[in-house]
Amino acid sequence: MSMYTVAQQAAIEELDAPLQLIACAGSGKTQVISQRISRILGRPDVAPGNIVAFTFTEKAAAELKERIHRIVREEHGDVTGLAEMYIGTMHGYALNLLQTYVPEAFKYGVLTDVTQRLLIDRESTKSGLTTCPTTAPSRPTLWRYVDSKLYMQVLSILQEDQVDFDLVPEGVSDSLQSYVELLTRRKYFDYTAMIANAVAFLESDPDDDDLTIPERELLRHIRTDIKYVVVDEYQDVNPLQEKLIAGLVRWGANLCVVGDDDQTIYQWRGSEVSNILTFANRHEAVRTIELSDNFRSSKGIVRLGRTIAEWLPDAERLPKAMEYASHQQWALGDILALEFQDPDAEANWIADRIHALRGMPFTDTPDASPRGLSWSDCAVLFRTVKDAEPLVDELRRRGVPYIIKGLARLFEAPEIQALVGMFRFMVGEITEADLVGFFDTADLLADKNLLRRGIRILTEGANFDRGGRWGTYNIQRLYLDVLEALDVNEATIPGAPARAELVMYQLGKFSQAISDFEAIYFASDPARKYEAFVRFLTDERQAPSYYEEADDDSGYATPDAVTITTVHRSKGMQWPAVFVPCLRKNRFPMRTMGGINPFHVIPVEAVPNGARYRGGLSEETRLFYVAVTRAQKYLALSWAPIAANQQARRQSDFFRDISGSDWVVTADPGLPDRERLEPSPKSETPAITISFSELKYLLECPYSFKLRFMYGFNPPIHEALGYGKGLHDALAEMHKRALAGDLPSKAEVVDLVDRHLHTPYAYPALREQLHAAAVKALDRYFDEHGEDLTRTEHSEKQIEVVVAPGVTIDGRIDLIKRLETDEIAIVDFKSTEDAQKTSMTRDQLSVYALGYEELTGHSADRIQVLNLDDKGDHLNEAVSPALLAAIQSKIEIVASDIRGNHFACGHDHSRDTAYNDLAWLATGAPAEA
DNA sequence: GACATTCCCTTTTTT
DNA sequence: AGGGAATGTC
């Protein structure tokens, strides 16, 4: 059992007062939160469903979940029902809440950054973009394409901050209103809308007579079920998110917030430090506990970090003093502040140092034996990763493995340029000879003569007068057809297997870019659609600035490679050795930017503390604090002038100030001459969550899983998309109402379909046809199973199966009902008319059975697949221990294959063309080992 | 020292 | 692109 400090123990035991944990870097807060939650679970009358824990990223959620599982398993010996506890992002929670209590919410699609931007530009007037006035001299209103990113920022400030709308120009409010109307009309949630809608419900008055039944039900749920709320990274909460939290605890649920005001680095997207600074004033009888012991870093690092934090004005931070509590020894020469002649010399030294650190003995925990440091123990943190070029060149030259995070330069790759060239050729922007040239450079083809076949397809595709519905001018379809004609797949790509794999990532990401574009532009006039697509691909502000360089870091395993990333992305992580180069003036601290900004649209006075969005010295100081405190032992801060750049010739003030510290040395004494061990990377396996749809591919053909979820290939959009989902959502509402005692009747079928069926890509005739088919299917369901509605036990039941340490499977069971035979059946619906959803397999259903058992502690009796079509086949099987054991071991194998990046597939893909759009690509699967 | 001209341009999560 | 910083000019 691990030992806790007095402060940690106090935090773990404080379950009743509003609790504020000030957790400095490396203070073991995840462990403390997990332990505290385990303790809450041990209380009488507390069920897992009473607890809600928020993190900022899915990754952090997966880690927290894993930690809690481990502790609960150790302490209570049983994790039954843990899936009922919400651990995840606020966005996920809000969406869940809406989907559970507002039936129509199911049909809403979620816009990502890219698709939101595409929508705003495509509907540039209706989105309010080009009607939005500005005070910038250069623009009376915002411009299409040029300012859409800025407009997105404006929209999020208007909706997520405490804006005084009396001070906002009318034209701006009108723009916001048209945008919101556009989203509703097109049935989309953007990231703001999810939370804003949930907040609107949470803030409603329970005594309001106008509330609908679901709204009442939602408030009742919050009031009676939510008893403990935990918010991690509280310093990064923005005003709207703070409202969500307030809404959850308004009836007295216990609130625990955990954060470090010194690590507020996302204020430019709305994080409001005052949330944490004034927490104690805003809640009654707050208990504040400072977790100031740093278990991560050596004394030198801790002291240096503290010095940096103390540069901040007192008024901007909570008083605290980080103390070193680690077993990590500091030695003179561990922390360096070095100046170099030029960036190449700097890069060269970093590469040397990384080499020299290899095999250096290092002890991860007090009781562990030393191991030799390896590549993955080193990280290079940049203020902007665009500065990494000299280092990347150097590492590549030396053959040092590295992964870069945060560099959007996928479109610079010659392979991608060749793909972009195909579409530029189609719209007549380049000639056939140009295209041939691009393909020559890209080296994608095993047989260059095949390019002619590809060009023929492109030429035919570019005939936009060939008739047919607009939907048939499908970009994704064309792309996959061309790859097939060119005979491009993993088996045929020239070069070593590692190169083929990387190229597959690029081809997959391009497929993702097509999906993003086509999600918004599917039904546009073909000629204009292809032109808009080319603009999307070639405009530096659009696709080229969104898609990151392809790499093989899937998130399922940690490769033994040097990490190159931004300080922002390094938050929450640690490495034995950290490098922070490029400490130049104007770069770190970053100079504030000129040009048009959100405050040319929204008056600064209208936004409380609006200045934070623009950033300043304090923000940069906090960022520097984060960078330094990532290091466990070795830290090298450095800079070099760039002669050619006027503004990059001087050192950063940060560098100058740090150089004077007693813990720092300004000349490299070299590493101590100690005996090196065999380098052995820390085998840290990230916690992963596999969704149910992903699992299907893993079980059937691991290589198709890799194609879809790792490389990123997407099948073409089908015009009937949304049919299966609409049916499913209508059924979900029926069952939920049945559970609430509000039995739906057959007379409501048309109404149900009207409300749930959303087929955004269907042409009018198809839409009618799908509508009729849905009505027929529901009618049939009423005829055949209407009686069963009263025997509904659960609808849309969230399940979660931990199949191996750190591997969780997530899913929702359509229906759990009690049969006439009094058995419990797990039911999944199926419709053969549904273009997207392929049949639910027996294996998948067995996983549901596992999940049901983990959730309730009881075994289900049957698994059923219920076909909604008249001539459909059904599946109806008994659940046996043998069935469960079989699936359990099957999943364990699959999970270990993911970890080992082993996605082979033996079956013959050349035969499944008829239903698998990616069949051709799958024929390139490496053979089973 | 005061003013004019030239140079340069970020960070990113959320189903 | 507009504004801050560096450099140029008197």
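Naming convention: chains lettered A, B, ... in sequence-line order (proteins, then strands); numbering from 1 in each chain. Remember, predicted model here, so these are calculated numbers, not experimental data. Reckoned from all heavy atoms, side chains included, excluding hydrogens, waters and symmetry mates.
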Distance in angstrom units between [X] [atom1] and [N] [atom2], rounded:
X      : N      : atom1 : atom2 : result
A:I245 : B:dT14 : CD1   : P     : 16 Å
A:D810 : B:dT15 : CG    : P     : 12 Å
A:Y266 : B:dT14 : OH    : P     : 10 Å
A:N197 : B:dT15 : CG    : C1'   : 15 Å
A:F692 : B:dT15 : CZ    : P     : 20 Å
A:I404 : B:dT11 : CD1   : P     : 13 Å
A:M152 : B:dT13 : CE    : P     : 14 Å
A:I642 : B:dC8  : CD1   : P     : 10 Å

From [options], pick the nucleotide closest to the side chain of [X]?
X      : options                : result
A:T566 : B:dT14, B:dT10, B:dT12 : B:dT12
A:R269 : B:dT12, B:dT15, C:dA5  : B:dT12
A:H568 : B:dT12, C:dA1, C:dT7   : B:dT12
A:L95  : C:dA1, B:dT12, B:dT15  : B:dT15
A:T112 : C:dG3, B:dT12, B:dT15  : B:dT15
A:R587 : C:dT7, B:dT10, B:dT15  : B:dT10
A:K149 : B:dT12, B:dT10, B:dT14 : B:dT12

Original post:
In terms of the nearest nucleotide of DNA chain C, which residue is placed more toward the 5' end: A:I596 or A:N586?
Top reply: A:I596
Compute the ring centroids of [X] and [Y], then answer whether they are less than 6.0 Å apart.
X      : Y      : value
A:H568 : A:Y266 : yes
A:W311 : A:Y625 : no
A:F201 : A:Y101 : no

**OP:** Quote, to the nearest angstrom, the C1' distance that separates B:dT12 from C:dA1.
**Re:**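 Roughly 22 Å separates the two C1' atoms.
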Looking at every strand, decide which applies to [X] at a 4.0 Å heavy-atom threshold: base, sugar-phosphate, or nothing.
X      : answer
A:V385 : sugar-phosphate
A:R383 : base
A:D236 : nothing
A:E619 : nothing

**OP:** Answer yes or no: is there an ion pair linking A:D236 with A:K571, defined by an N-O contact shorter than 4.0 Å?
**Re:** yes
Under 4.0 Å from OP1 or OP2 of [N]: is there any side-chain N or O of [X] that close?
X      : N      : answer
A:R650 : C:dA6  : yes
A:R591 : C:dA6  : no
A:R569 : B:dT12 : yes
A:T384 : B:dT11 : yes

Original post:
To the nearest 0.5 Å, what is the distance between OG1 (A:T264) and CD (A:E316)?
Top reply: 9.5 Å
Original post:
Roughly how far, to the nearest 0.5 Å, is the CZ atom of A:R587 from the CG atom of A:D387?
Top reply: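 Atom-to-atom, A:D387:CG and A:R587:CZ are 4.5 Å apart.
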Original post:
B:dT6 pairs with which nucleotide, Watson-Crick or G-U wobble, both distances below 3.5 Å?
Top reply: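 Base partner found: C:dA5.
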